[in-house]
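These notes concern the structure reproduced below.
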Amino acid sequence: MAAMAAASGTYGLVIGGREEPGNRGETRGVLNPATNVPFAQVAVADADDARRAMEAADAAFRQSGWAADDGARRAKALLSLARLLEEREEAFARLETENMGKTLREARVDIGFVVRTLEYIAGLADKIQGETIPVPGSRFDYTVREPLGVTVHIAPWNYPLLLAMRSVAPALAAGNAVVLKPASLTPLTAIAIARLAHDAGIPDGILNVVNGPGGAIGEALVRDPRCRSVSFTGSSEVGLRIAEIAAGRLLPVTLELGGKSPVLVFPDADLDRATRGIALGIFGNAGQMCWAASRLAVHESVRDALFERLRKIAEATKLGPGTEDGVEMGPVVSRDQEARILEYIDAARQEGGKVVAGGGRASDPRLAAGNFVLPTVVADLPASSRAGREEIFGPVLSAVSFTDTDDAVRIANDTTYGLFASVWTRDLATALTVARRLEAGMVSVNEPPITFPQTPFGGFKQSGLGFEQGLHVVESYTRRKNVVVNLGAPKRRT
Ligand code: NAD
């Protein structure tokens, strides 16, 4: 690919296999959230660039042979992409850390997950098949699964490459041509992986990346007549808007949206393990996780013991730039996000919550230039309060106690969301009966939020529609066609 000067930290739009500055030549500085200093420049697309990306994808879909080829060829290309990424794992992890703020350790896990996703999905690319169906008379009936055409993928900023590629990979495996719009705050790794596509054997125009504001560019992509499906990961608010637009054209959508996920701790739980799991589930990625376990409900008999452990772990968490050794929590992604989280903490105080740990910005003067919010635990926040109900998307845990199992399940399900829930208990019957009663697309028992490329990821209620990952995900990027053939032969008995 004719790349723009990668070494100078300039990132373009990737359209039709070429990296280019975009129609208006507009660029934006990309900030490091640990310092708020720009470290790269990125091209910003306008509506005409979005249209050109859709055109390029459509042309490649029709002309490159990607869709018509044996799935094994697509599998090879995805495996090559996995290898190319793996060889550059450290560079991609550093780029993710610099751009998004997460610790290098977290970023390495993310990039490893993308490599593993590409490998897993590559294994499915030559297993997309239909069925034969017995029908009356002298007929032969079969189904085929065809790619959809141009698929649009809109990604958020909290796991920039991981969440982009978890829908892009299956769409490519099924033979589609992709247009990806990363979040404006974190577009760099998506552009960097598109630079590898040609060498991986993915035809030019099959993987396009356009960076630009969601409201203008995201909507332009979804409204483009060539768009055949939308995979959106982001807020429930924007997800609903996309669903409305897509409904007008009967476009299939996969929506991975927000959450306010409960974690239930029963009296027999291993409290030390639970404490570590709860901390990971809300302070990991500085709490910027769709499935952050942000609402703790603990049995009243172990409430004080657990709160004390949580206070200690929150206060011991080492904050700092994600690239620094020993740092356990990086900055949040932007000043705006920091302000939003701090505003929720203030609201929690006003709404009757008692701050057990944290409760504001980090006071360490060395962190003053970055967006550092302390790991925060707020106790006894009423469920009806704004901070208790709405997704904060930061390192803020709201904690209440319950009296019995029915009470715990009621608290857990008392939310408009339904992405994830976790249960901590040593009792198998409690674990399994509670898991059955939880209204969440994913439940973990004695585990913090954890997922694998082979396990489905999706939410109930306002948390989404459809799923990503798992054995059946490639089907979401195909359409089913039934073919009936009249054999014209006389009816036979045997
Ligand atoms: P966001 O909804 O603001 O933006 C997500 C993406 O949509 C970005 O690329 C943005 O530019 C684009 N966008 C914004 N407005 C648009 C519009 N009108 N039309 C088309 N595209 C538009 O979300 P965010 O702030 O980037 O991410 C945080 C949210 O994402 C949280 O709510 C979080 O829970 C959710 N999330 C969900 C999952 C999941 O798998 N369920 C994973 C990660 C994040």
Side-chain angles (χ1 to χ4, degrees), residues 28 42 44-45 47 50 99-100 102 110 113 117 152-168 179-191 209-224 227 230-246 251 253-261 282 284-294 332-334 336-338 340-341 344 390-394 415-420 440-442 449 451 455-470 473:
R28 192 179 60 76
V42 63
V44 180
N99 192 176
M100 188 274 160
K102 63 180 68 202
D110 287 10
F113 192 96
T117 297
V152 166
H153 305 252
I154 300 177
W157 46 257
N158 56 338
Y159 291 86
L161 188 65
L162 190 160
L163 294 177
M165 292 309 290
R166 88 175 167 180
S167 73
V168 165
V179 178
L180 164 64
K181 196 204 87 60
S184 321
L185 287 173
T186 57
L188 303 189
T189 45
I191 297 164
V209 180
V210 281
N211 167 60
I217 302 306
E219 278 206 34
L221 297 175
V222 175
R223 289 186 187 281
D224 189 285
C227 171
V230 186
S231 297
F232 171 82
T233 306
S235 59
S236 296
E237 190 191 348
V238 177
L240 284 171
R241 174 155 181 77
I242 286 177
E244 271 172 27
I245 300 170
L251 289 178
V253 288
T254 300
L255 301 174
E256 296 283 3
L257 310 177
K260 189 80 178 173
S261 298
I282 186 64
N285 217 35
Q288 301 158 113
M289 294 179 278
C290 53
W291 62 346
S294 53
V332 299
V333 73
S334 65
D336 282 353
Q337 187 64 12
E338 181 194 86
R340 188 184 127 98
I341 298 165
Y344 270 115
E390 295 177 9
E391 183 182 45
I392 298 177
F393 223 56
T415 167
T416 54
Y417 293 111
L419 190 55
F420 167 78
M442 294 169 286
T451 187
T455 58
F457 193 110
F460 294 173
K461 294 156 64 178
Q462 297 289 300
S463 287
L465 188 65
F467 63 94
E468 297 290 359
Q469 304 176 191
V473 66

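Order of listing sets the numbers, starting from 1, for every ligand and every atom in it.
- Between F467 and V473 the shortest side-chain heavy-atom distance falls below 4.5 Å.
- Nearest-residue assignment for atom 30 (O) of ligand 1 (options S167, G234, G212; heavy-atom criterion): G234.
- Of the heavy atoms in L185, none comes closer than 4.0 Å to ligand 1.
- Results of the side chain to side chain contact (heavy atoms under 4.5 Å, CB included) test with F420 over C290, S261, S294 single out S261 as the only residue that passes.
- Atoms OG1 and CG, from T233 and L257 in turn, are 8.0 Å apart once rounded to the nearest 0.5 Å.
- Between Y159 and ligand 1 there is no heavy-atom distance shorter than 4.0 Å.
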Go through the steps for L251 and C227 under the test side chain to side chain contact (heavy atoms under 4.5 Å, CB included), then give the verdict. CA-CA 8 Å; L251 289 178; C227 171; 3.9 Å; yes
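- Across T451, I245, N158, heavy-atom proximity to atom 43 (C) of ligand 1 is greatest for N158.
- In terms of polar-atom proximity, L257 is counted as a contact of ligand 1, with an N or O under 3.5 Å from an N or O of the ligand.
- Within the 4.0 Å heavy-atom criterion, the part of L163 lying near ligand 1 is the side chain and not the backbone.
- Residue-ligand proximity, E391 to ligand 1, at heavy-atom distances under 4.0 Å covers atoms 31 (C), 32 (O), 33 (C), 34 (O).
- Scanning the protein for heavy atoms near atom 38 (C) of ligand 1, the closest one is C290 CB, 2.9 Å.
- In this structure a side-chain-to-backbone donor-acceptor pair under 3.5 Å is missing from K260 to E391.
- Checking side-chain atoms of E468 against main-chain N and O of F457 turns up no donor-acceptor pair under 3.5 Å.
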Just list the side-chain donor-acceptor pairs under 3.5 Å for residues 155-162, sequence neighbours left out, or say none.
from	atom 1	to	atom 2	distance (Å)
N158	ND2	Q288	O	3.1

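- Rounded to the nearest 0.5 Å, atoms NE2 (H153) and CG (L180) are 7.5 Å apart.
- Looking only at distances, a side-chain donor or acceptor of N99 sits under 3.5 Å from a matching main-chain atom of L185.
- Considering only non-hydrogen protein atoms, atom 33 (C) of ligand 1 sits nearest to F393 CE1, 3.2 Å.
- Using a 4.0 Å cutoff on heavy atoms, G215 counts as a contact of ligand 1.
- Not a single heavy atom of G239 sits under 4.0 Å from any atom of ligand 1.
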Let me see the working for S236 and Y417 under side chain to side chain contact (heavy atoms under 4.5 Å, CB included), right down to the final yes or no. CA-CA 9 Å; S236 296; Y417 293 111; 3.3 Å; yes
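- When each atom of ligand 1 is checked for a heavy atom of G218 under 4.0 Å away, the hits are 20 (C), 21 (N).
- For P213, the side chain to side chain contact (heavy atoms under 4.5 Å, CB included) partners are V44, A216, I217, not counting sequence neighbours.
- When non-hydrogen atoms are compared, ligand 1 lies under 4.0 Å from neither the backbone nor the side chain of Q288.
- Looking at S463 next to ligand 1, no N or O pair under 3.5 Å apart turns up.
- Under 4.0 Å from ligand 1, the heavy atoms of I242 that appear belong solely to its side chain.
- Within the structure, ligand 1 has F457 among the residues with a heavy atom less than 4.0 angstrom away.
- Distance check, rounded to the nearest 0.5 Å: CE of M289 to CD1 of I282 gives 6.0 Å.
- Ranking protein heavy atoms by distance to atom 15 (N) of ligand 1, first place goes to V238 CG1, 3.5 Å.
- Residue-ligand proximity, F232 to ligand 1, at heavy-atom distances under 4.0 Å covers atoms 2 (O), 5 (C), 6 (C), 7 (O).
- With distances taken over non-hydrogen atoms, the option nearest atom 2 (O) of ligand 1 out of A220, S235, P156 is S235.
- Of the possible polar contacts, one joining the S463 side chain to the G418 backbone as a donor-acceptor pair under 3.5 Å is found.
- The side chain to side chain contact (heavy atoms under 4.5 Å, CB included) with I154 is formed by just one residue from the set L163, V238, I242; it is I242.
- Those atoms of ligand 1 with a heavy atom of P182 less than 4.0 angstrom away are 9 (O).
- The protein does not reach atom 4 (O) of ligand 1 closely, with no heavy atom under 4.0 angstrom from it.
- Ligand 1 has no nitrogen or oxygen under 3.5 angstrom from a nitrogen or oxygen of S236.
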Run I341 and F393 through side chain to side chain contact (heavy atoms under 4.5 Å, CB included) and show every step you take. CA-CA 7 Å; I341 298 165; F393 223 56; 5.9 Å; no
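- Ligand 1 has a nitrogen or oxygen under 3.5 angstrom from a nitrogen or oxygen of A155.
- You'll find the side chain of T451 reaches within 4.5 Å of the side chain of W291, heavy atoms only.
- Looking only at heavy atoms of the protein, atom 21 (N) of ligand 1 is closest to G214 O, 3.5 Å.
- Between W157 and ligand 1, an N or O atom pair is found at a separation short of 3.5 Å.
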Side chain to side chain contact (heavy atoms under 4.5 Å, CB included) between T455 and Q469: does it pass, once the steps are laid out? CA-CA 6 Å; T455 58; Q469 304 176 191; 4.1 Å; yes
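- The distance from ligand 1 to the heavy atoms of I154 drops below 4.0 Å at these ligand atoms: 6 (C), 7 (O), 9 (O), 12 (C), 20 (C), 21 (N).
- At a heavy-atom distance under 4.0 Å, atoms from both the backbone and the side chain of T233 approach ligand 1.
- Counting heavy atoms closer than 4.0 Å to ligand 1, residue R166 contributes side-chain atoms (C-beta onward) but none from N, CA, C or O.
- Of the polar atoms of E219, at least one N or O is found under 3.5 Å from an N or O of ligand 1, judged by distance alone.
- Ranking protein heavy atoms by distance to atom 11 (O) of ligand 1, first place goes to K181 NZ, 2.9 Å.
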